[in-house]
Amino acid sequence: MMIPMSIKVCVALMSLIACADSVHYQPTWESLDSRPLPAWYDQSKIGIFIHWGVFSVPSYGSEWFWWYWQGSKPYPNYAQFVRDNYKPDWTYADFARDFTAEFYNPDQWAEIFKASGARYVVQVTKHHEGFTSWPSKYSWNWNAGSVGPHRDLVGELATAIRKKTSLHYGVYHSLFEWFNPLYLQDKANNFKTQEFVTTKTMPELYELVNRYEPDLIWSDGPMGAPDTYWQSKEFLTWLYNDSPVKDKVVVNDRWGNNTICRHGGFLTCTDRYNPKTLQKRKFEDALTIYGSSWGFVRNAQLSGYLPVETLITAIIQTVSCGGNVLINVGPTKEGTITPIYEERLRQMGSWLKVNGDAIYGTKPWRKQNDTTNSDVWYTTRSDAPHVVYAMSLKWPKGQLVLGAPMVNSQTSVTLLGYDKPFNWTAPASVGMVIDVPSLSVNDIPCLWAWVFELRNVF
Ligand SMILES: *[C@@H]1O[C@H](CO)[C@@H](O)[C@H](O)[C@H]1NC(C)=O
Ligand SMILES: *[C@@H]1O[C@H](CO)[C@@H](O)[C@H](O)[C@H]1NC(C)=O
Ligand SMILES: *[C@@H]1O[C@H](CO)[C@@H](O)[C@H](O)[C@H]1NC(C)=O
């Protein structure tokens with residue numbers, strides 16, 4: 001009998017860490033859920049989501065354009081939009097030709113994502129429209145290699161991210177497709193047949209993993225069908241035991257209509273999941289910079305874009321409660337990230353440059369938000385448990401009153417990005433009162449949300 005490689009390595013090194021890869025997962029949720037999340041994911045805290053596909057061509061309404069136009073309960077304004085702007089008998093497939101991507105410069109995207117302070121990227125590689133952004137052999141004539149860009153949008157970004165940055169590269173993939181005839185046929189059979197799963201969605205998922213070796217798989221669109229229909233337990237068993245990414249890959253929870261918010265890797269539960277209380281399991285808050293659409297919208301209004309304060313508030317609240325944040329951009333069909341998205345990302349990066357110690361690699365403290373000051377959220381560090389970060393969404397004029405910290409004679413307070421310590425007192429009625437001097441414009445470390453580093457509070 002051959003000794004498996006991982007056991008040989010393990011014996012040779014006599015190390016528990018090397019032994020860990022001899023764990024063999026079974027296709028049950030009990031077994032799959034027992035896999036620890038690779039540590040990079042929790043440490044990273046912030047990712048960038050990219051919604052870019054054929055829906056970026058009409059760029060009207062949202063990335064659900066096709067469904068709202070021709071799905072079971074169409075919105076009349078979509079048909080009107082097509083009648084007014086395109087030739088008679090226009091079909092959704094006709095949009096693909098105009099997915100030109102002529103300005104797509106993955107190195108430039110990588111530079112912007114790096115500057116945002118994010119530590120991972122999740123690219124939509126196939127949305128519910130079924131178009132694959134890589135030249136998949138399972139998506140005949142409905143992929144970015146054959147129509148539209150005539151490029152491998154996935155491979156190019158994966159390469160640029162890895163070459164230019166230390167960010168992790170991940171993929172979003174929709175299990176179902178609104179109008180795929182094989183899916184509709186399986187659905188008509190109450191999901192007792194699996195033609196679509198075995199010939200389309202699973203083969204392309206294996207192809208994605210083997211070809212691009214993503215660090216993260218963000219599955220979506222299980223719709224009305226359970227994990228058994230999608231064969232997702234079998235896929236994850238392969239992914240965790242035998243795939244080329246088995247040691248580093250992280251997945252979410254959308255693997256069947258019975259798994260969301262329950263099984264898988266990190267939990268996504270709903271879009272924009274920001275529970276504001278400590279969660280038992282790792283979760284992710286996916287939100288989009290343009291409030292009402294994940295895909296680019298040509299007739300967007302400035303007021304529809306979230307102000308950076310809102311993004312930073314989401315980061316602070318989510319990380320305090322143990323989650324990650326996945327912030328979405330919608331590039332144009334030409335392949336540009338428009339300046340308003342870019343500005344938000346660079347603003348976020350400028351804030352993280354000053355305050356990153358309170359975010360990256362942190363863990364929840366014994367309190368998530370302060371007991372008396374509703375503008376203050378906390379994190380701490382496993383490598384320095386005597387350090388607590390009090391992140392204040394408002395600039396505290398004159399003093400910052402906190403209920404949760406317990407002080408002693410060793411307690412000290414600084415502001416991240418400002419080098420002098422602050423005075424504090426501990427009146428009987430509250431935890432502590434920090435004297436906050438008025439700072440000159442040049443001394444203010446950042447423009448939104450200020451982080452007080454408290455040492456030796458408990
Ligand atoms: C999942 O989908 C199946 C098949 O359509 C259905 O019978 C079942 O009730 C659904 N389960 C949940 C939890 O929605
Ligand atoms: C913050 O903490 C208090 C209790 O200390 C709690 O009542 C409150 O609901 C929490 N959440 C928010 C969002 O303020
Ligand atoms: C701290 O208190 C001392 C004594 O009252 C005062 O001189 C000093 O300016 C204060 N420092 C700050 C940063 O407020």
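What you see is a predicted model; the values in this text were computed from it and never measured. First listed ligand is number 1; within each ligand, the first listed atom is number 1. Along the sequence shown, residues carry numbers from 1.
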So which heavy atom in the protein is nearest [atom], and how far is it from that ligand atom?
atom: atom 11 (N) of ligand 1; value: Asn257 ND2, 2.9 Å
atom: atom 4 (C) of ligand 1; value: Gly224 O, 3.1 Å
atom: atom 12 (C) of ligand 3; value: Asn423 ND2, 3.5 Å
atom: atom 6 (C) of ligand 2; value: Asn369 ND2, 4.3 Å

Task: Interatomic spacing from CD in Gln399 to CZ in Phe422 - rounded to 0.5 Å - done: 13.0 Å
Task: Side chain Asp33, main chain Gly264, donor-acceptor under 3.5 Å - done: yes
Protein heavy atom under 4.0 angstrom of [atom], is there one?
atom: atom 2 (O) of ligand 1; answer: yes
atom: atom 9 (O) of ligand 2; answer: no
atom: atom 14 (O) of ligand 2; answer: yes

- [ ] Please identify which atoms of ligand 2 are closer than 4.0 Å to at least one heavy atom of Thr371.
- [x] 5 (O)
Task: NZ (Lys114) with more than 12 external heavy atoms under 6.0 Å - done: no
Task: Numbered atoms of ligand 3 (with element) below 4.0 Å of Pro421, judged on heavy atoms - done: 13 (C)
- [ ] Output all residues satisfying disulfide (SG to SG under 2.5 Å) with Cys446, sequence neighbours left out; order by chain, then residue number.
- [x] none
Open item on the list: Ignoring hydrogens, what is the shortest heavy-atom contact between Ser44 and Tyr360? Give both atom names and the distance.
Closed with: O-CD2, 3.6 Å
Task: salt bridge (Lys or Arg N to Asp or Glu O under 4.0 Å) partner of Asp42, chosen from Lys282, Lys363, Arg281 - done: Lys282
Open item on the list: Quick check on side chain to side chain donor-acceptor pair (under 3.5 Å): which of Trp142, Tyr92, Trp178 does Glu129 satisfy it with?
Closed with: Tyr92
